[in-house]
Amino acid sequence: DKLKSLVSYKRGELEKVKERQVRIGEIETELGKLGAASDGEPTLEMGLHPDEEPEKLLEVSDDEVSAVKYVSKEEKARLAKLEEERLAREAAAAGDNLGQRGLKVMMDGTLEMKKAEDEIFIELVKPEALLRQEAGEELSDDDKALVKEFEDKQKKLTTEREKRSKGLLTELAKLRLEIQDICNNFNERVKTLRETRMVFDGALYESELLVIRLAQARQIGRASCRER
């Protein structure tokens, strides 16, 4: 069934959109930390229309039930056992992958990269010498050297933040475009299916009209025979 196939395809495309929207949220948060403005574009929430999931019409979710759900002792024991098995699997998986994750982190330089990225968000503290200079006090050569060092660090930090912000905005624009492409491709599929349905509906209506005309002609023929 083409309609069911289209709904299934839409679910897959929605997952792609959600993945990109999660990253968009991360980018906007990071831009806020950097003191940079986002692109101002709203992130629309997308999902299936209730009419596209008729099977859920008779489903009752837990939040729709106000009464306390009764759970038998046997069910409690079964759920507890399942929870223990799940925790055991997670612990085993964590133990198996610990060495591999550590090696990957070291090989990819993730620790160094993460540290460098975190330093971008750190606000530099003004040295006491700079505060005294701003208050109008004359500084010694040593104090001037400290102020110069701070100003160089501040300038470098500002440059790194601007570079990072531009990179994030570029990625943000790319994600927005990818989401738009996903929506456009889906809309084209819907348009194609709609046009196909119109062709079939037109052929069906034409056949029904032909049947009606044949019935009318037959009725007229019978009436003419009776008059003779």
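Count residues from 1 along the sequence.
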Would you call [X]-[Y] a salt bridge at under 4.0 Å N-O?
| X | Y | result |
| --- | --- | --- |
| K148 | E151 | no |
| E119 | K156 | no |
| E162 | K166 | no |
| R86 | E90 | yes |

Using side-chain heavy atoms (C-beta onward) and a distance below 4.5 Å, is [X] in contact with [Y]?
| X | Y | answer |
| --- | --- | --- |
| C183 | M46 | yes |
| F186 | I182 | no |
| E74 | R78 | no |
| Q154 | T158 | yes |

Practice task
Each residue besides L157 in its hydrophobic cluster should be listed here, by chain and number; the cluster joins Ile, Leu, Val, Met, Phe, Trp and Tyr at side-chain heavy-atom distances under 4.5 Å.
Solution key: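 Answer for L157: L124, L130, L139, V147, F150.
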Does [X], at its [atom1] atom, have more than 12 non-hydrogen atoms belonging to other residues, nucleotides or ligands within less than 6.0 Å?
| X | atom1 | answer |
| --- | --- | --- |
| E85 | CD | yes |
| E83 | CD | yes |
| E195 | CD | yes |

Exercise for the section: Determine yes or no for a side-chain-to-main-chain donor-acceptor pair under 3.5 angstrom, with T196 supplying the side chain and T192 the backbone. Expected result: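 Present.
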Practice task
Indicate yes or no for a side-chain donor-acceptor contact from R176 to the backbone of E41 under 3.5 Å, with no hydrogens or angles considered.
Solution key: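 Yes; judged by distance alone, with no hydrogens or angles, the pair exists.
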Practice task
Report yes or no: do L6 and V17 belong to one cluster of Ile/Leu/Val/Met/Phe/Trp/Tyr joined by side chain heavy-atom distances under 4.5 Å?
Solution key: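 Looking at the clustering, V17 is in a separate group from L6.
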Exercise for the section: Over all heavy atoms of both residues, which pair between F121 and E30 is shortest? Give the atoms and the distance, please. Expected result: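 Minimum heavy-atom separation between F121 and E30: CZ-CG, 3.4 Å.
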Problem - Of all pairs that satisfy salt bridge (Lys or Arg N to Asp or Glu O under 4.0 Å), the ones with a partner from residues 196-214, not counting sequence neighbours - result: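 Applying salt bridge (Lys or Arg N to Asp or Glu O under 4.0 Å) to every pair that reaches into residues 196-214, excluding sequence neighbours, yields R197-D201.
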Problem - Selection residues 15-24 - residue pairs positive for side-chain hydrogen bond (donor to acceptor under 3.5 Å, both in side chains), sequence neighbours left out - result: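 Residue pairs with at least one partner in residues 15-24: E13-K16, R20-E178, R23-E26, R23-E171.
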Practice task
Using distance alone, with no hydrogens and no angle criterion, decide if E188 and N184 have a side-chain donor and acceptor under 3.5 Å apart.
Solution key: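 Their side chains do not contain a donor-acceptor pair, so the 3.5 Å distance test is not met.
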Handout entry: Identified side-chain contact (heavy atoms from CB on, under 4.5 Å) counterpart of R164 within the set L34, T159, L31, L169
Key =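 Single pass found, and it is L34.
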Rounded to the nearest 0.5 Å, how far does [atom2] of [Y] lie from [atom1] of [X]?
| X | Y | atom1 | atom2 | value |
| --- | --- | --- | --- | --- |
| I27 | L172 | CD1 | CG | 5.5 Å |
| T43 | I179 | OG1 | CD1 | 7.0 Å |
| E128 | L146 | CD | CG | 10.0 Å |

